[in-house]
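Everything below concerns the one structure shown next.
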Protein chains: 2
Amino acid sequence: MTKTRVTVIDIANAAGVSKSTVSLVLQGSSLVNEGTRAKVNAVMRELGYVYNRGAANLRQAGAKSKIVGVVVNDLTNSFFAELAVGVDMVVQSAGFVQFLSNTSESIDRQREVVASMREHGISGLIVSPARATDAADFKPLVAAGIPVVVVVRNLPGAKVSSIVSDNQAGMMSAVKHLAGLGHKRIAFLGGFPDTAVFDDRLAGYRSGVEAAGLDYHEDLVVSSPPSRAGGVEAIGKAIALGRRPTAAVCFNDAVAFGVCDGLRARRLEPGADFAVVGFDDVIEAQAAVPALTTVSVDPQGIGRRGAQMLLKQINAGKAEAETVVTAVRLVVRESCGAGKTAPARTGKSVKIETGR
Amino acid sequence: MTKTRVTVIDIANAAGVSKSTVSLVLQGSSLVNEGTRAKVNAVMRELGYVYNRGAANLRQAGAKSKIVGVVVNDLTNSFFAELAVGVDMVVQSAGFVQFLSNTSESIDRQREVVASMREHGISGLIVSPARATDAADFKPLVAAGIPVVVVVRNLPGAKVSSIVSDNQAGMMSAVKHLAGLGHKRIAFLGGFPDTAVFDDRLAGYRSGVEAAGLDYHEDLVVSSPPSRAGGVEAIGKAIALGRRPTAAVCFNDAVAFGVCDGLRARRLEPGADFAVVGFDDVIEAQAAVPALTTVSVDPQGIGRRGAQMLLKQINAGKAEAETVVTAVRLVVRESCGAGKTAPARTGKSVKIETGR
DNA sequence: TGACATAATTGGAACGTTCCAAATATTTAT
DNA sequence: ATAAATATTTGGAACGTTCCAATTATGTCA
């Protein structure tokens, strides 16, 4: 269609000024006379000018591309979708746009998309690293002065900022809640023991148990894949135990759903005959029957916060690696046997304050 | 950190060739000698060169930016999340990256993000337009030779490609299925009557009813907001009818869930006492109790297909506005009373072939 | 060996912007 | 009215790549 795009020079000619002046108004410089600014703007509108960020960026030596990269491992999981929405909100209102990619837990894919994003000149990256991500993987980025914020899963050795939810406090409050309901034998179900998140949640479980004056028994923690199927498997083992537990905190909501399935298969009604608490508060948690009592981590909030952190670092020019642990709250619904709650996503909620 | 980025010239010097040669190997040209190619590649790796697409793009006169824009109205809705994943899959393997933005149904937001994407030089756009989007809104884009593919909702007057699911055939098959189960009075519940999607689905309902040899009664179609609450409202009205229906097809899954709620509030068990069928097959549909019989639209497939279409147009250089209607299939689960199905997302499924 | 084809390489110029130093226009103060 | 200050505007020269036309190296054929 249009042969040649409208450039700053076209505007300059049409407005009777120099390209430099046009550039100045583009940048909102206070140096230009109000009259000329108005005229230039008018001409721009008239000719349908569109700013070429690529060119601008080229000159400005990488400083500010107005693009941030976001990579998650499973957009299909509503947890990450919400996270992305949170990022988008703050990033968008700062005039940035987000490159969003999905790795499906594939580390090769992750490398590819990060490389691609880099070629496109992102000025920052928010990433929920795929399973086997090496801490050194983001070294080149930070070496190039591109701030990186790791979310959800933390990356031990890497010198990047990170923001994770307070797994420990969350699990602890879940256990305390169950203990408060009179449960004496509370199991910890699901999750792979070789991950940092598992360690944190287990630690929280342990502190909760001890804080409630109960004994910590190793046989009450049974690991399994962090999936629905894993939950079925885990509850099966737990129920076969000598002194069987009467309640369980689960590694995440998927496991919790599986636990409910397994319970029902044994003619036990979750909530009534056995209390179960999840972790994450995925959307299905409130619609399920029974509605799942769970620890809500507010993924959208994490996204927003991560984005703010990233923007701060982008603007500061230098990236101080900083770590924040976000608050988490227990949402009491039905599956713990504490009774129904009226308002959907609310209910009795225990907010857990967080350190630095 | 690193003062100055590594450029093609640095590579050229280090490898003892000219920048032109380096450029050639960058583009995989067959003109360069294998030996030099290898050496250049080695040097690039050694110096940690990263390609600057912005610069390249500048020279190549807008032709190919390797960026596609994707805008959806609600990423939080798993329907759109899956769509985005579908787009990402094909786009990624074609070496593109996607700008993904969320409009939350705000048309201003939509305008902003599209403008921003344009400044960044996207070479194509996939958009699920916000509610009140004007057909003329994408005119400038196509005028600039940037192909646009509209998905999910179609945009009547716009001369852009679009891809929507076969609402009519889907609804028709749902009705036929219910009729096959012996239902004589089947209601059409939920949705706003002023939208194209509603019209299509209603038309499908009507054809289904007639194809089954039943009479079409206007009082059996009750509109309402396309939400869970709307479903409750609609089933309330439907049940108050003189000759009350024994089954219903719903505008979408949210409505269907609401219908189930409303049924239960009246001590009627969905599936057993009243058959309900949804539309969309959102993830919750299979996990719900009873599992929802619904028309599956495969959002990820739409995403993939839309992306393919877009890439084709980008490569072709010229955009023939083309319209495709994607196949849809009825997934029979429990809520229609046809009995339980063993495998999760499968069950008896009726694939509906689609025209052009 | 010379003439010619072919393979491989190469130096600018260009893409659309921003930056800089310098030029010009306008005020202000004397 | 003139110097000094201030407000505005302006030509290049970059930024890192690709393209083009032209050059040089290598091979082939008689």
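Letters go in sequence order (proteins before strands), and every chain restarts at 1. Side chains included, hydrogens not; waters and symmetry mates left out as well; all remaining heavy atoms used.
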Nearest-angstrom distance from the residue atom [atom1] of [X] to [atom2] of [N]:
X: Leu31(A); N: dA25(C); atom1: CG; atom2: P; result: 18 Å
X: Gln60(A); N: dC15(D); atom1: CD; atom2: P; result: 14 Å
X: Asn13(B); N: dT10(C); atom1: CG; atom2: C1'; result: 13 Å
X: Lys19(B); N: dC19(D); atom1: NZ; atom2: P; result: 13 Å
X: Asn33(A); N: dT26(C); atom1: CG; atom2: C1'; result: 11 Å
X: His120(A); N: dG16(D); atom1: NE2; atom2: C1'; result: 15 Å
X: Lys39(A); N: dT8(D); atom1: NZ; atom2: P; result: 17 Å
X: Arg5(B); N: dG16(D); atom1: CZ; atom2: P; result: 7 Å

Give me each pair satisfying ring-ring contact (aromatic ring centres under 6.0 Å, His included) with a member in residues 67-98 of chain A, each pair once, sequence neighbours excluded.
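Matches after skipping sequence neighbours: none remain.
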
Applying ring-ring contact (aromatic ring centres under 6.0 Å, His included), which residue pairs with at least one partner in residues 109-152 of chain B are found, sequence neighbours left out?
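Sorted pair list: Phe99(B)-His120(B).
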
For the CG atom of Asp88(A) and the CG atom of Leu83(A), what is their distance to the nearest 0.5 Å?
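Here the rounded value is 11.5 Å.
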
Asp134(B) CG to Gln110(B) CD distance, which is reported to the nearest 0.5 Å
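Result: 10.5 Å between the selected atoms.
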
Options dT18(C), dT18(D), dT9(C), nucleotide nearest the side-chain atoms of Arg59(A):
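Among dT18(C), dT18(D), dT9(C), the one nearest the side chain of Arg59(A) is dT18(C).
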
Quick check: do Val68(B) and Leu310(B) have side-chain heavy atoms less than 4.5 Å from each other?
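Val68(B) reaches Leu310(B) side chain to side chain.
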
Please tell me if the side chains of Ile126(A) and Gln98(A) come closer than 4.5 Å, counting only heavy atoms from C-beta onward.
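No, their side chains stay 4.5 Å or more apart.
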
Under 4.0 Å: is that the gap between some side-chain N or O of Thr7(A) and OP1 or OP2 of dG16(C)?
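For dG16(C), OP1/OP2 do not have a side-chain N/O of Thr7(A) under 4.0 Å.
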
Does anything in residues 43-54 of chain A come within less than 4.0 Å of DNA chain D? Heavy atoms only, and list the residues if so.
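Within this stretch, nothing sits under 4.0 Å of the strand.
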
For each nucleotide in nucleotides 22-28 of chain D, reading 5' to 3', give B when a protein heavy atom comes within less than 4.0 Å of its base, S when such contact involves only the sugar-phosphate, and - otherwise.
-------

Identify, with sequence neighbours excluded, every residue that meets side chain to side chain donor-acceptor pair (under 3.5 Å) alongside Ser165(B).
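Ser165(B) satisfies side chain to side chain donor-acceptor pair (under 3.5 Å) with no other residue.
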
Applying side chain to side chain donor-acceptor pair (under 3.5 Å), name anything that partners Ser23(A), two or more places apart in sequence or on another chain.
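In terms of side chain to side chain donor-acceptor pair (under 3.5 Å), with neighbours along the sequence ignored, Ser23(A) is linked to Gln27(A).
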
Applying side-chain hydrogen bond (donor to acceptor under 3.5 Å, both in side chains) as the test, list every pair that has at least one member in residues 40-53 of chain B; sequence neighbours left out.
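As it turns out, the side-chain hydrogen bond (donor to acceptor under 3.5 Å, both in side chains) pairs with a partner in residues 40-53 of chain B, which skip direct neighbours, are Glu119(A)-Arg53(B).
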
Describe, as an angle rounded to 10 degrees, how the axis at the first end of the helix from dT1(C)-dA30(D) to dT30(C)-dA1(D) is tilted relative to the axis at the last end, five pairs per end.
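One end's axis against the other's: 40°.
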
Where at least one partner belongs to [range], residue pairs that pass salt bridge (charged side-chain N to carboxylate O under 4.0 Å, His left out), sequence neighbours excluded:
range: residues 141-162 of chain B; value: Glu105(B)-Arg153(B)
range: residues 137-151 of chain A; value: Arg111(A)-Asp137(A)
range: residues 7-35 of chain B; value: Glu34(B)-Arg37(B)

Among Val72(B), Asn73(B), Val70(B), Val71(B), side chain to side chain contact (heavy atoms under 4.5 Å, CB included) partner for Asn102(B):
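Among Val72(B), Asn73(B), Val70(B), Val71(B), the one meeting side chain to side chain contact (heavy atoms under 4.5 Å, CB included) with Asn102(B) is Val72(B).
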
Output yes when Arg304(B) and Glu82(B) qualify as a salt bridge under the 4.0 Å nitrogen-oxygen rule, no when they do not.
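Looking at Arg304(B) and Glu82(B), the cut-off is not met.
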
Which ones in residues 20-30 of chain B lie close to DNA chain C, meaning a heavy atom under 4.0 Å from one of its atoms?
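DNA chain C contact set from residues 20-30 of chain B: Ser20(B), Thr21(B), Leu24(B).
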
